[in-house]
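Report on the structure given below.
Computed from heavy atoms alone, side chains included, the values below leave out hydrogens, waters and symmetry copies. Chain A is the first sequence line, chain B the second, and so forth, proteins listed ahead of strands; every chain is numbered from 1.
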Amino acid sequence: MTVSLTINGDQHTSTAAGWESLLSVMRDEIGLRGSKDACDQGECGSCSVVLDGTLVCSCLIMIGDCEDASITTVEGLAGSGALHAVQEALLDEGGVQCGFCTPGFVVAGAHLLEANPHPTEDEIREALSGNICRCTGYGGILRALELLSNAPSGGDA
Amino acid sequence: MDFVRAKDVAEAIAAKAERPDAEFLAGGTDLMVAVNLDDHRPQSVIGLRHVAELQQMDDTRIGAGVTWDRLERAPQRALAQAARTVGSPQIRAAGTIGGNVGTASPAGDGLAWIAALDAGIEVASVERGRRIVPWAEFFVGVKRTSLAADEMITAVVLPDEQIEAQEFAKVGSRNTMVISTVSCVVARVGSGYRVALGSVAPTPMRAFQAEEMLNDETSPSPAAIAEFGRLVAAEVRPITDHRSTEAYRRHAAGVLAGRLLERCLSS
C-alpha cells in the first residue's frame, strides 16, 4: 500500500507493507536513522517521535495508520548547522555516554519544554520516564533539562 | 495489506462485516508488539484512531478509544490509579481501555476495575446493532473473549450505582513499566463491598466469598479486615509462571485486598 505522510515538514510516500512500523519505514525506506531501534515493544523510548502532537514510540505505530500524519523526529529538531537547546544542554551537562538513547531523550525533552518551558524536577522525571538509558546517565540528563528549565527564557532558550 | 481508516463506528463495523479476519488497531501497543516480535503479519486492519465517538467519556460511559493518559485524570479514582500504572508516558498516550479489554490479558491493568464496578462491555455489529455484554460473560479465558467475529468494542459502560469509595493497587517486580504480578480493586458500592483481582486467574475475577463475609459488617474490625484478606487469598486461582509463583500471588492478593479495604474505610 501507499502512504503519504509529513516528516519534519517534508512530504514522503511509503510503499512498505502496511503492517510495517513507522520506525522501520523511517530507518530503512526513508533513511532517517536518528530514531533508534532497540526493544521493538515500546519499553525503551529510543524511537520516540512526536506524531500529530503526541509523544509516541514509533516502533508501535503501524505505517498503514500514518496517512496524512505529521511527524517530528530528532532530525527535525536541530536547525541547519545548529543544535537544539536540549542537545546543547545534554553536551554541557554530560548527559550523553554511548548516545544510543539520546535521540529519544532529545525528542521527549523538547516535547516537554514546548508544553511546559519551566518544568519542576518531578515533571522532568515524569516526562522522561518512558526513556531508558543504560549507561547510568540520568543525572546528567536531568541536569540538562533543569538547566533549560531554570534559564530565563525556559525551554525556548 | 488492506487498511481501512474508519471515520465512525458504522464504517468500522461495515468493514468488519465484510472482512471477519480483519484486526482492529487502536493504539498499537499490543498489535505492533506481535508484529515486531512474533512475526505477526496482519492481512487486513481497521484503524480506529480517527473515530471520534470512541474518544468520548462521561461518568457512566468510557469510549473504547480513550487513552490511558486521559484516564489518569478520570473522575473514577481507582481507574485513574490503574491508568497511572500503565507503561510509560508514550504507552499511556497511545494505549486505550478498549484495547485492554480486547486483548483480555489476565494482567490487563483496567480489567479488575471493570470487574469491581460490574461494568459492561458495549459491542457493535451491523447484524445485531449495539449490545452490552456483562464483563463476566465477555472475558472467557486467557486473552479470549466472547466478542463475535463481526463485532467491535465501542465502550465500557458503568451501571448506575453510588460508589462510596474505590481503590486500586498492583504489585510488580518494580515500580513502573511493569506488567502486574497481582492487581486489585476494592470498592464500596452502596452499603456493600466489592473486591476484584487481576493476574490471579485466566480472567479478571471477583472474590465473592470475601465480599459476602464483609457485607455483614457495618464497620469492619481489624479481625474482619484480616479475615477478608485471608478469604481473598483462598479464593484466587493463580498459577506459577515466569513472572511469579502461585504462593506469592496468593499472599500478595490477600495483602493488597486488606490494604485497599482499609483505604476505602478511611476515605
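When every heavy atom of P89(B) is checked against every heavy atom of G130(A), the shortest pair comes out as CD-N, 3.6 Å.
Of the atoms belonging to L51(A), it is side-chain heavy atoms, and not backbone ones, that fall under 4.5 Å from chain B. The parts of C59(A) that come within reach of chain B are both its backbone and its side chain, each placing non-hydrogen atoms under 4.5 angstrom from that chain.
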Polar contacts chain A-chain B (donor-acceptor, d < 3.5 Å, no H, no angle):
{"from": "D40(A)", "atom 1": "O", "to": "N36(B)", "atom 2": "ND2", "distance (Å)": "3.1"}
{"from": "S48(A)", "atom 1": "OG", "to": "Q90(B)", "atom 2": "NE2", "distance (Å)": "3.0"}
{"from": "C59(A)", "atom 1": "O", "to": "N36(B)", "atom 2": "ND2", "distance (Å)": "2.9"}
{"from": "D65(A)", "atom 1": "O", "to": "R49(B)", "atom 2": "NH2", "distance (Å)": "2.9"}
{"from": "D65(A)", "atom 1": "OD2", "to": "R49(B)", "atom 2": "NE", "distance (Å)": "2.8"}
{"from": "E67(A)", "atom 1": "O", "to": "R5(B)", "atom 2": "NH1", "distance (Å)": "2.8"}
{"from": "E126(A)", "atom 1": "OE1", "to": "R84(B)", "atom 2": "NH1", "distance (Å)": "3.2"}
{"from": "E126(A)", "atom 1": "OE1", "to": "R84(B)", "atom 2": "NH2", "distance (Å)": "2.8"}
{"from": "E126(A)", "atom 1": "OE2", "to": "R84(B)", "atom 2": "NH1", "distance (Å)": "3.1"}
{"from": "E126(A)", "atom 1": "OE2", "to": "R92(B)", "atom 2": "NH2", "distance (Å)": "3.1"}
{"from": "N131(A)", "atom 1": "OD1", "to": "Q90(B)", "atom 2": "NE2", "distance (Å)": "3.0"}

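Interface check for chain B: of the options G18(A), C39(A), C57(A), G64(A), the most heavy-atom pairs under 4.5 Å are formed by G64(A).
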